[in-house]
Amino acid sequence: MSVLSAEGLTKSYKKGINAAENITFSVEKGEIFALIGPNGAGKTTTIRMIATLLTPTEGDAVISGHSVVKEPEKAREHITYLPDEAGAYKSMKGIDYLNFMAGLYAKTSAEQSEYVKRAVDMCGLGERLEERINGYSRGMIRKLLLSRAVMSRPDLAILDEATSGLDVLNALDIRKTIKRLAREEGMSFLLSSHNMLEIEFLSDRVGIMSEGKLLLTGTIEDLKSKFGARNLEEVFEKAVSGEVSL
Amino acid sequence: MKFGALLKKELSQLLNKQAIISMVATLFIFIFMGTVMNGTMNKLHEDEEDSTWSEETGGSISLVNCDKGEFVKEMFEEMKKNNTTVEVLSEENDMAAWQRIMDEKELKTLAVIPEDFSEKAEKGEEPSIKVVTSVTGTGLSNMIKDNTGSVSAVDAITQYLSDKKLEEKGITKEELEKLNDNVSLVEFTSANGKIAEVPSSAVSGLVMSMSMIMPFAVFFLLMMASSMIMSAISTEKIDKTLETLLSAPVSRIHVLGAKVLAAIITALLNAVVMMIGFGFYINGASGGTISSAVTATMSNSGVDVTEAVKIADGIAALGLNLSGSTIALIFLELFITLAIGLCISLILGALASDAQSLQTLLMPVMFLVMIPFFVSIFMDMNSMNIVGKVIMFIIPFTHAYTAAGNIIFGHTGMLVGGLIYQLFFLAAVMYAAVKVFTTDLLFTMKLPESKAAAKKTK
Ligand SMILES: Nc1ncnc2c1ncn2[C@@H]1O[C@H](COP(=O)(O)OP(=O)(O)OP(=O)(O)O)[C@@H](O)[C@H]1O
Ligand SMILES: [Mg+2]
């Protein structure tokens, strides 16, 4: 059974204009799926519907057996969502933030401290977790939020532009962690990214979006051979510009 | 457990160090202002006695005379010789008649010579004069005692009595001044169309405490809670923490509930501190009459019990309403008003997408809360013209400020009308708030872009 299956997800903010239109795809257990596409393609809109923040105008998505339309609260128990450009409560210390968020996901206090411990190990902020988030750099906040997003081992972690704002080494580190969590612990990921290198390294399958539509999905190898391209960047270019009929 | 965690987070964000410091600072400012006001008001009371009569030049006095005795007749004749015109407004020994006179002539105070004045004076006992003071409204104007009418009469009579004593007993002026007043005053209050024997300071004190301290509490709670809830919501949007929070397995209603509850708790805490401060302030401003009146009426401890009972009886005789159900009604009013304020702030908080738009949105709310508050304190709303009244009535917060006065003075129509209007208003804003928070509106709603901002982006 798929961890996520989206069926005809459609969202229009204004009548007559669909920011996302008839999006259908699925993410299997332990799979890393990436949505790519130009700015304004509808990636974030699609992701927010799956994260139960926006109600689809049409269609539905089922997460671990729970419809985001009919049982959003149940669905949320199986996901975590890291929004693009997200922040954290500035007046809190890093460690308090992790504690607070863990409390929202954990069913027992033992589970809560287990989550926190995992996040502390993963974020690499060390001593600085005792400082207020107020004084963190952008990258530090991102690492804090990323470790928060995976600490509870959700069925599906949804990361919108996961490594944006991170330096090369930190980004590399995060990618390795994501890959390890998927391979070793069977966590599934839904990512969006503008970094083709990152996508090539991480994803099992990608979906290419443009102007609200999901143009095609497939493994990176499939797409490369289909477009006769050397790398994902070329695939992206050809698919989005409509040079090659799909 | 999750709700507890949410509430704790909201509280810790609202009750930070700065908030506590500013709370304490405000308290001190009030206490300081109260002390200053106390000084000025005391001075004001001293300067106030500009009567229409003076010992040197005479003048005019008007009063009610219930005494048919020779002593009083003689007194009036003697006064006329000394350039004093005496106008006897009535000779009826009937409180209803006095009330009529006060209404007709729009008198603030009225002196009444009681039946036994001559008798007592002739016997050499100390005669008394009844002084009726009317307490009509709930505004600040009632705080400043305006005794001119009765003061003139009382002064003239006192002067006459002391002159007479000087003549009869041949004592010197200095010796006389050492003696106490030659006449005792019995205080009456006219309120609600009735007159009863109770000091007006006690009644106005009570009315004040209900009609000023109560509105102040509402005002303060509204200002605090509204701005806190607005920033609690908008800060999550501005700092981009809202989406993360709402994608966690907690219901939106709990997230919202924790915010509202934390805002109310903090506001209440602040209100208690401010009430203490404002108590000092008002007490200073009224020259201390309020606290003594309130303690006298509200508690039986520490003050003369018989006196307190007498005052309470007097207030009851005036038909001023202060039963348990009245107080319940006041609390209902308070609750509805607070709920309206919170719903409006919830919606506006969701609209704000940056610190600047938050400021812009906060302004109209503050005005809506502030204007009727100050109008209710400094003006008598019943004496406004129809347009003013309608505008005030439309602002839902007005009704909270006028409720106590309406209840005390029995303006039931105004009270019930206001309550019904508020309930409809509450239903509307509550529906809107729930709509905003349970739908996409929370994320998609935006302020219409101003022309200046639109130009900039171009
Ligand atoms: N709250 C909103 N109200 C109205 N329109 C919106 C809203 N959010 C997004 N849109 C529109 O929906 C379309 C898709 O936006 P979306 O944010 O999903 O794109 P994206 O693929 O995530 O882009 P990016 O790569 O820049 O993050 C855009 O045209 C955008 O203008
Ligand atoms: Mg996006």
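Below, chains carry the letters A, B, ... as their sequence lines are ordered, and counting in each starts from 1.
- From B:K9, atom NZ reaches atom CG of A:D96 across 13.0 Å, with rounding to the nearest 0.5 Å.
- In this structure, OG in B:S247 is found 8.0 Å from CD1 in A:I158, a value given to the nearest 0.5 Å.
- Within a 6.0 Å sphere centred on CD of B:Q356, heavy atoms belonging to other residues, nucleotides or ligands number 12 at most.
- In terms of non-hydrogen atom pairs under 4.5 Å with chain A, the most contact-rich of B:T244, B:T439, B:L242, B:T235 is B:T244.
- Contact count versus chain B (heavy atoms, under 4.5 Å) is highest, among A:A149, A:A51, A:P83, A:S152, for A:P83.
- Considering all non-hydrogen atoms of both residues, B:A248 and A:L104 come closest at CB-CD1, 4.0 Å.
- Only the side chain of A:F100 comes within contact range of chain B, with at least one heavy atom under 4.5 Å from a heavy atom of that chain.
- Atom OG1 of A:T44 and atom CD of B:E243 lie 9.0 Å apart (nearest 0.5 Å).
- Closest approach of B:D239 and A:K90 over heavy atoms only: OD1-NZ, 3.1 Å.
- The local environment of CZ in B:F374 is crowded, with over 12 non-hydrogen atoms from other residues, nucleotides or ligands closer than 6.0 Å.
- With a 4.5 Å cut-off on non-hydrogen atoms, A:A86 touches chain B through its backbone and its side chain both.
- Of the candidates B:L246, B:L442, B:D440, A:L53 forms a side chain to side chain contact (heavy atoms under 4.5 Å, CB included) with just one, namely B:L246.
- The contact between B:T444 and chain A is made entirely by side chain atoms (from C-beta outward), counting heavy-atom distances below 4.5 Å.
- Residue-environment remark: CE (B:M430) stays at or below the threshold of 12 foreign heavy atoms within 6.0 Å.
- For the atom pair NZ (A:K107) and NZ (B:K2), the distance works out to 6.5 Å, reported to the nearest 0.5 Å.
- Both the backbone and the side chain of A:T55 come within contact range of chain B, with heavy atoms under 4.5 Å apart.
- The part of A:Y13 that comes within reach of chain B is its side chain, from C-beta onward, which places non-hydrogen atoms under 4.5 angstrom from that chain.
- Counted within 6.0 Å of CD on A:E71, heavy atoms from surrounding residues, nucleotides or ligands total more than 12; the atom is thus considered enclosed.
- More than 12 heavy-atom neighbours from other residues, nucleotides or ligands sit within 6.0 angstrom of CD on A:E111.
- Of all the listed residues (A:E77, A:R48, A:M101), the one sharing the greatest number of non-hydrogen pairs under 4.5 Å with chain B is A:R48.
- Heavy-atom neighbours of A:E114 CD from other residues, nucleotides or ligands within 6.0 Å: above the threshold of 12.
- Using a 4.5 Å cut-off on side-chain heavy atoms (C-beta onward), A:Y89 and B:L245 make contact.
- Proximity to chain B (any heavy atom under 4.5 Å) is shown, for A:K14, by neither the backbone nor the side chain.
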